[in-house]
*Asks:* 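Right, I'll just put the structure down here and ask away after.
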Amino acid sequence: MVRIVTEPIDIPMILESLGDPSAGGIDLFVGTTRNHSRGKKVLALEYEAYLPMALNQMQEIADGARKKWDIRNVSIVHRIGRVDIGEASVVIGVSATHRNEAFEACRYCIDTLKKVVPIWKKEFFVDGEAWVGPQGGDQ
Amino acid sequence: MIAVNVKLFAVARDLAGREELTLSLPRESSVSDLVEALVHRYPRLEEWKRYLRCALNHQYISSDQILREGDEVAIIPPVSGG
């Protein structure tokens with residue numbers, strides 16, 4: 001399941017979508033919004049997507065994970081619009097027969113999403129707002 | 001000349017002050033020629049120029065790809081999803 005939503009991400013629904021009788025485990029990554037960025041206090045965040053391309057890229061990531069690892073199901077859901085501090089902005093879930101594949105595929109999905117999917121984050125500070133710029137290692 | 005449609009997002013859209021525009025470019029222009037023309041028209045994009053990527057038909061394209069009449073190119077500033 002690959003989706004971009006404007007409402008809070010329904011994590012139980014994602015878990016349900018991953019279920020498979022042959023799976024031995026589900027790995028779930030929940031990315032949440034931080035209250036600080038580069039030493040400044042962040043009040044809120046807003047995400048924007050180039051929707052058709054973002055969905056396309058997310059599907060390619062999911063398909064890529066299925067090709068690279070022996071996994072059962074994979075779901076990638078990103079939220080856009082305003083997201084309050086501490087809420088989930090992205091959820092990746094992978095079910096697999098064995099946990100190793102689930103962990104590795106999940107990490108591949110979130111790492112690749114952060115590099116290629118056309119979604120942008122704007123941070124709101126006490127004294128203004130700014131789009132997040134080019135990022136280094138810890139994204 | 002060829003006409004290329006350009007879509008702008010996030011910081012690129014804010015700095016240019018518009019979401020879409022059409023650029024007239026000489027035939028055989030590449031993606032990097034398009035970015036140069038765009039920055040020439042909207043100088044505030046200069047500081048982001050080296051970070052801009054472009055997409056055609058929802059796929060990233062390399063900067064030396066040659067553009068054709070009617071192409072719709074999306075300007076993708078550094079992504080920050082997650």
Side-chain angles (χ1 to χ4, degrees), chain A residues 2 4-5 9 29-34 37-38 42 45-61 76-81 83 88-92 106-107 109-123 128-136 138-139, chain B residues 4-23 30-32 34-39 41-68 70-82:
Chain A
V2 163
I4 292 176
V5 299
I9 298 176
F29 173 80
V30 180
T32 55
T33 48
R34 257 192 302 263
S37 172
R38 286 156 287 150
V42 176
L45 293 110
E46 204 172 279
Y47 289 88
E48 169 185 330
Y50 176 20
L51 271 177
M53 180 171 170
L55 286 167
N56 206 46
Q57 298 279 321
M58 287 159 69
Q59 188 62 54
E60 280 186 18
I61 293 169
I76 305 177
V77 179
H78 205 296
R79 183 174 168 188
I80 57 170
V83 180
S89 51
V90 64
V91 176
I92 313 256
C106 189
R107 175 153 201 145
C109 289
I110 184 63
D111 287 355
T112 312
L113 178 147
K114 281 174 168 282
K115 285 185 201 131
V116 306
V117 176
I119 293 178
W120 301 274
K121 175 165 57 183
K122 189 188 244 188
E123 294 169 331
E129 57 191 64
W131 291 103
V132 173
Q135 299 177 66
D138 176 40
Q139 299 186 14
Chain B
V4 176
N5 301 311
V6 181
K7 287 171 86 83
L8 297 159
F9 296 93
V11 70
R13 177 202 53 229
D14 287 0
L15 291 173
R18 54 193 301 179
E19 285 180 18
E20 285 184 306
L21 62 130
T22 302
L23 282 179
S30 66
V31 169
S32 57
L34 176 145
V35 172
E36 289 294 337
L38 187 68
V39 173
R41 189 186 288 193
Y42 301 102
R44 292 174 72 203
L45 287 171
E46 179 66 41
E47 66 172 307
W48 290 83
K49 188 172 85 175
R50 68 195 180 101
Y51 302 112
L52 299 177
R53 285 190 280 175
C54 293
L56 185 64
N57 299 324
H58 309 147
Q59 296 288 339
Y60 287 106
I61 48 175
S62 68
S63 59
D64 57 4
Q65 180 157 332
I66 301 302
L67 296 167
R68 294 182 189 166
D71 276 350
E72 185 178 272
V73 176
I75 304 294
I76 313 284
V79 300
S80 49

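Labels below follow one simple rule: chain letters A, B, ... track the order of the sequence lines, proteins then strands, and each chain is numbered from 1. Just the heavy atoms: all of them, side chains too, but no hydrogens, waters or symmetry mates, feed the values below.
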*Asks:* Counting only non-hydrogen atoms closer than 4.5 Å, does A:Val117 touch chain B with its backbone (N, CA, C, O), its side chain (CB onward), both, or neither?
*Replies:*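 Answer is backbone: N, CA, C or O of A:Val117 sit under 4.5 Å from chain B.
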*Asks:* What part of B:Phe9 gets within 4.5 angstrom of chain A, counting heavy atoms only: side chain, backbone, both, or neither?
*Replies:*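 The answer is both parts of B:Phe9.
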*Asks:* What option among A:Ala130, A:Gly31, A:Pro118 has the most heavy-atom pairs under 4.5 Å with chain B?
*Replies:*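 If we count pairs closer than 4.5 Å to chain B, A:Pro118 comes out on top.
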*Asks:* Counting only N and O atoms by type, is there a donor-acceptor contact under 3.5 Å from the side chain of A:His78 to the main-chain atoms of A:Ser89?
*Replies:*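 Answer holds: yes.
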*Asks:* Output yes when a side-chain donor or acceptor of B:Ser32 lies under 3.5 Å from a complementary backbone atom of B:Asp64, and no otherwise.
*Replies:*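 Answer holds: no.
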*Asks:* Checking A:Val116 against chain B: side chain, backbone, both or neither under 4.5 Å from a heavy atom?
*Replies:*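 Looking at A:Val116, backbone and side chain both touch chain B.
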*Asks:* Taking side chain to side chain donor-acceptor pair (under 3.5 Å) as the test, write out the residues that go with A:Glu129, two or more places apart.
*Replies:*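 A:Lys122.
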*Asks:* Treating A:Trp120 as the side-chain partner and B:Pro77 as the backbone partner, does any N or O pair qualify as donor plus acceptor under 3.5 Å?
*Replies:*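 Yes.
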*Asks:* Do B:Gln59 and A:Gln57 have side chains that get closer than 4.5 Å, going by heavy atoms?
*Replies:*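 Of all side-chain heavy-atom pairs linking A:Gln57 with B:Gln59, at least one is under 4.5 Å.
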*Asks:* Taking side chain as everything from C-beta outward and backbone as N, CA, C, O, which of these in B:Arg50 sits under 4.5 Å from a heavy atom of chain A? Side chain, backbone, both or neither.
*Replies:*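 Neither; nothing under 4.5 Å.
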*Asks:* Tell me, for A:Tyr50 versus chain B, whether the close heavy atoms (under 4.5 Å) come from the side chain, the backbone, both or neither.
*Replies:*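 Contact with chain B is through both the backbone and side chain of A:Tyr50.
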